[in-house]
Amino acid sequence: MTDNTVPQTFAITIPLMGGPEPGKPEKPLEVPLRRGELLFVVGPNGSGKSALARWLAAAFQGRARWIKALRRNWFSSARLNIPPAAASEVENYLSQESTNRYSRVRELGSYSNEGPIQSALFRLLEADQASDRTFRDEVRNNPEAAADLCREPRPSERLNALLGSAGLRIAIRPSGWALEATRAGKTFGADEMSDGERAAVLLAAEILTAGADTLLIIDEPERHLHRAISAPLLAALFAERPDCAFIVLTHDLSLVTAHPGARVLILRDCRLSENGNDDRWDAHLLDPAGPIPDDVLEAILGARRVILFVEGNESSLDRRVAEILFPGVTVVPRGGCEHVIRAVEAVRALRARDPSAAWIEAFGLIDRDARSDEEVQQLSTRGVHALAVSAIEGVVFHPDVIAAVANGQAEHLGYDDESLGEAALARARDILRAARDRLIGARCEQRLPERLLRAINVKEAGFWSRNEIRVEGLPAALHAEEEAAFPTEIRNDDLPRLVARYPVKAATGLGKAVAEALRFRTESDFLACALQALRTDDGLRATVRRLFGDLPAAIDAALARSLTRPSAATNTQPTPPVQAA
């Protein structure tokens with residue numbers, strides 16, 4: 001009998017790869033997991049998730065049940081053909097198999113076909129029959145208690161309720177040693193269920209029939225279940241078994257954010273030994289509790305050690321340029337500048353309250369727009385860096401980028417590179433000259449809020465009770481300043497200043513004109529070649545990085561720190577043996 005008043009703990013210690021001194025492993029990462037608790041394990045392919053699952057199953061052999069990602073979930077008949085003795089033999093075999101270092105990549109031995117499936121269904125049907133026997137005994141020996149027992153659902157009925165909570169419109173029903181399924185009033189053999197239905201039934205059967213105080217290790221549930229099913233089904237299963245501990249290994253980060261109280265183990269890499277006795281991981285334990293947006297948490301969980309939040313979306317120029325200029329960094333688009341700023345602040349707040357999150361560093365990149373030098377400097381102290389040009393378009397239409405694309409295009413087409421480049425720059429000058437009023441207007445619109453705040457005194461007595469604010473002459477003065485700054489005749493050496501000061505998106509037709517001058521069919525073709533030039537031309541890349549202010553230096557320093565920073569182990573004791581307390 002399990003004493004549910006005493007939390008049962010799995011004392012997990014994970015060997016880590018690196019230490020502060022070469023050749024000396026780091027202290028292990030302690031992850032105590034109690035009954036009723038949930039731990040997610042995330043990481044890229046090859047980071048050692050399945051190897052960790054095998055390692056845990058072996059460490060807690062006899063108390064752990066490993067539900068593998070690499071498993072068969074179909075069966076040839078709705079009728080079980082496995083006797084009780086064979087079912088027990090399969091259970092023992094599967095427990096022993098978890099110690100084999102190859103069990104993470106394939107099923108081994110003679111039970112690699114339907115043995116595990118038959119065993120799981122046998123336990124479900126046997127649990128139903130045991131429930132019936134208990135009820136019959138109570139009717140015979142204690143009729144009053146039998147009335148209460150009658151109201152308790154059988155295991156198969158509990159399973160059907162779980163399926164319904166996940167939106168699956170199917171119910172199963174034992175029929176002797178066979179399993180029937182019903183959907184939309186039609187009854188058929190359980191072997192005729194859909195792939196998703198079979199996967200859900202088998203997963204639920206494994207968890208429902210596990211013994212109390214079992215460590216349930218669920219490997220990639222999304223491999224067999226659609227996200228719309230897996231999230232609610234898992235949530236219902238967790239709630240159904242508060243007497244067990246759960247470890248879920250997943251690539252589906254939405255599963256993690258759906259359980260804000262769970263801890264998260266992030267794997268970055270692993271080093272597997274020849275005999276499996278000295279496996280080690282680059283692992284970090286993250287406690288996501290606190291005010292951090294779900295999408296920012298997803299970015300952290302799926303990121304490298306350094307994250308750069310940028311404006312725009314997945315297809316935006318901001319993301320594509322940043323990924324080229326800052327390799328080794330996870331670039332995450334966040335929409336507008338305010339969302340970028342809030343994302344960086346959220347990660348910094350997480351680092352401040354959770355020392356185990358110190359491995360992650362976050363930066364933000366936003367457009368310069370009309371920000372003052374003082375504002376740009378103040379933002380950089382918060383990890384948010386502004387471009388040295390008004391917007392990202394000022395990077396790809398910078399004269400140095402146009403010249404580099406012209407050189408490549410001239411070589412490809414057999415043109416003279418200087419004449420082709422000059423033709424493109426001439427067309428850029430023409431478009432900017434024609435768009436002079438729009439560019440000036442757009443710049444004034446960017447500057448107006450800041451100039452308006454400078455022109456009024458909000459601390460003046462009675463300011464907030466006024467009905468109107470007079471700022472006579474401000475728009476005209478602002479426009480006059482910008483007119484004076486915009487050259488009447490644009491020369492090539494004016495172009496860097498113009499694309500830095502003015503939002504060139506307002507210069508309608510600039511991209512098309514430059515593309516045509518360089519003999520591209522579309523503006524998209526020009527942009528693709530500009531990005532390729534950034535990828536392949538080290539000199540151009542160095543030049544363009546200077547348009548990103550002090551962000552390159554900050555990121556280079558963070559990447560250097562990430563190479564020397566040890567894994568986030570949280571204890572300082574020698575490695576204890578792995579055991580269940």
Residues in side-chain contact (heavy atoms from CB on, under 4.5 Å) contact with [X], at least two apart in sequence or another chain:
X: Ala343; value: Val296, Phe309, Arg334
X: Cys244; value: Thr214, Leu216, Arg241, Phe246
X: Pro232; value: Ala166

### Message
Apply side-chain contact (heavy atoms from CB on, under 4.5 Å) to residues Ile307 and Phe363 and explain how you reach the verdict.
### Response
CA-CA 6 Å; Ile307 302 178; Phe363 300 91; over 6 Å; no
### Qualifying residues under side-chain hydrogen bond (donor to acceptor under 3.5 Å, both in side chains), relative to His251, sequence neighbours excluded
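Here the qualifying residues are Asn45, Lys49.
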#### Entry: Counterpart residues, side-chain hydrogen bond (donor to acceptor under 3.5 Å, both in side chains), relative to Ser230 (two or more places apart)
none
Could you give the distance from [atom1] ([X]) to [atom2] ([Y]), rounded to the nearest 0.5 Å?
X: His339; Y: Arg342; atom1: NE2; atom2: CZ; value: 4.5 Å
X: Asp318; Y: Asn313; atom1: CG; atom2: CG; value: 9.0 Å
X: Ile170; Y: Met193; atom1: CD1; atom2: CE; value: 5.5 Å
X: Arg154; Y: Leu124; atom1: CZ; atom2: CG; value: 9.5 Å
X: Leu33; Y: Ile247; atom1: CG; atom2: CD1; value: 5.5 Å
X: Glu323; Y: Leu325; atom1: CD; atom2: CG; value: 10.5 Å

### Task
Start with the C-alpha gap between Arg280 and Asp269, add the side-chain angles, then the distance that decides, and say whether side-chain contact (heavy atoms from CB on, under 4.5 Å) holds.
CA-CA 9 Å; Arg280 295 182 178 275; Asp269 198 2; over 6 Å; no
For the residue pair [X] and [Y], establish whether any side-chain heavy-atom pair is separated by less than 4.5 Å.
X: Pro174; Y: Asp128; value: yes
X: Glu240; Y: Leu208; value: yes
X: Val256; Y: Val248; value: no
X: Val310; Y: Pro333; value: yes
X: Ile266; Y: Val264; value: yes
X: Leu267; Y: Val42; value: no
X: Phe326; Y: Val331; value: no
X: Val344; Y: Arg382; value: no

### Task
Output, in order, the C-alpha distance, side-chain angles, deciding distance and verdict of side-chain contact (heavy atoms from CB on, under 4.5 Å) for Val201 and Ile172.
CA-CA 9 Å; Val201 167; Ile172 62 166; 4.1 Å; yes
### Message
Would you call the rings of Phe10 and Phe60 parallel, tilted or perpendicular, taking 30° and 60° as the class edges?
### Response
perpendicular
### Query
Is it true that Asp282 and Arg305 have a side-chain N and a carboxylate O under 4.0 angstrom from each other?
yes
Heavy-atom closest contact ([X] atom, [Y] atom, distance):
X: Glu311; Y: Ile366; result: OE2-CA, 3.2 Å
X: Pro28; Y: Thr13; result: CB-CB, 4.4 Å
X: Leu163; Y: Ala200; result: CD2-CB, 3.8 Å
X: Ala57; Y: Ile217; result: N-CD1, 3.8 Å
X: Gly48; Y: Trp281; result: O-NE1, 3.0 Å
X: Ala362; Y: Arg348; result: O-NE, 4.4 Å

Would you find a donor on one side and an acceptor on the other, under 3.5 Å apart, between the side chain of [X] and the backbone of [Y]?
X: Asp219; Y: Ile67; answer: no
X: Glu206; Y: Leu203; answer: no
X: His259; Y: Gly261; answer: no
X: Arg351; Y: Ile360; answer: yes

### Task
Decide salt bridge (charged side-chain N to carboxylate O under 4.0 Å, His left out) for Glu37 and Arg263; before the verdict, give the C-alpha distance in whole Å, the side-chain angles of both, and the deciding distance to 0.1 Å.
CA-CA 9 Å; Glu37 290 187 335; Arg263 286 177 295 167; 3.4 Å; yes
Could you go through residues 179-188 and list every donor-acceptor pair under 3.5 Å that involves a side-chain atom there, pairing it with any protein atom two or more places apart or in another chain?
unit_1 : atom_1 : unit_2 : atom_2 : d
Glu180 : OE1    : Arg173 : NH2    : 2.4
Thr182 : OG1    : Thr187 : OG1    : 3.2
Arg183 : NE     : Glu197 : OE2    : 3.0
Arg183 : NH2    : Glu197 : OE1    : 2.8
Arg183 : NH2    : Glu197 : OE2    : 3.3

### Message
Set out, in order, the CA-CA distance, both residues' side-chain angles and the distance that settles salt bridge (charged side-chain N to carboxylate O under 4.0 Å, His left out) for Asp213 and Arg63, then state yes or no.
### Response
CA-CA 7 Å; Asp213 290 314; Arg63 291 192 61 196; 5.2 Å; no
### side-chain contact (heavy atoms from CB on, under 4.5 Å) between Val31 and Leu285, intermediate numbers included
CA-CA 8 Å; Val31 190; Leu285 186 63; 4.2 Å; yes
### Query
Just by distance, with hydrogens left out, do Ser273 and Asp279 show a side-chain donor and acceptor under 3.5 Å apart?
yes
### Message
Checking side-chain polar atoms at under 3.5 Å, does Thr250 have a donor or acceptor matched by the opposite partner on Glu222?
### Response
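Glu222 and Thr250 do have a side-chain donor-acceptor pair below 3.5 Å.
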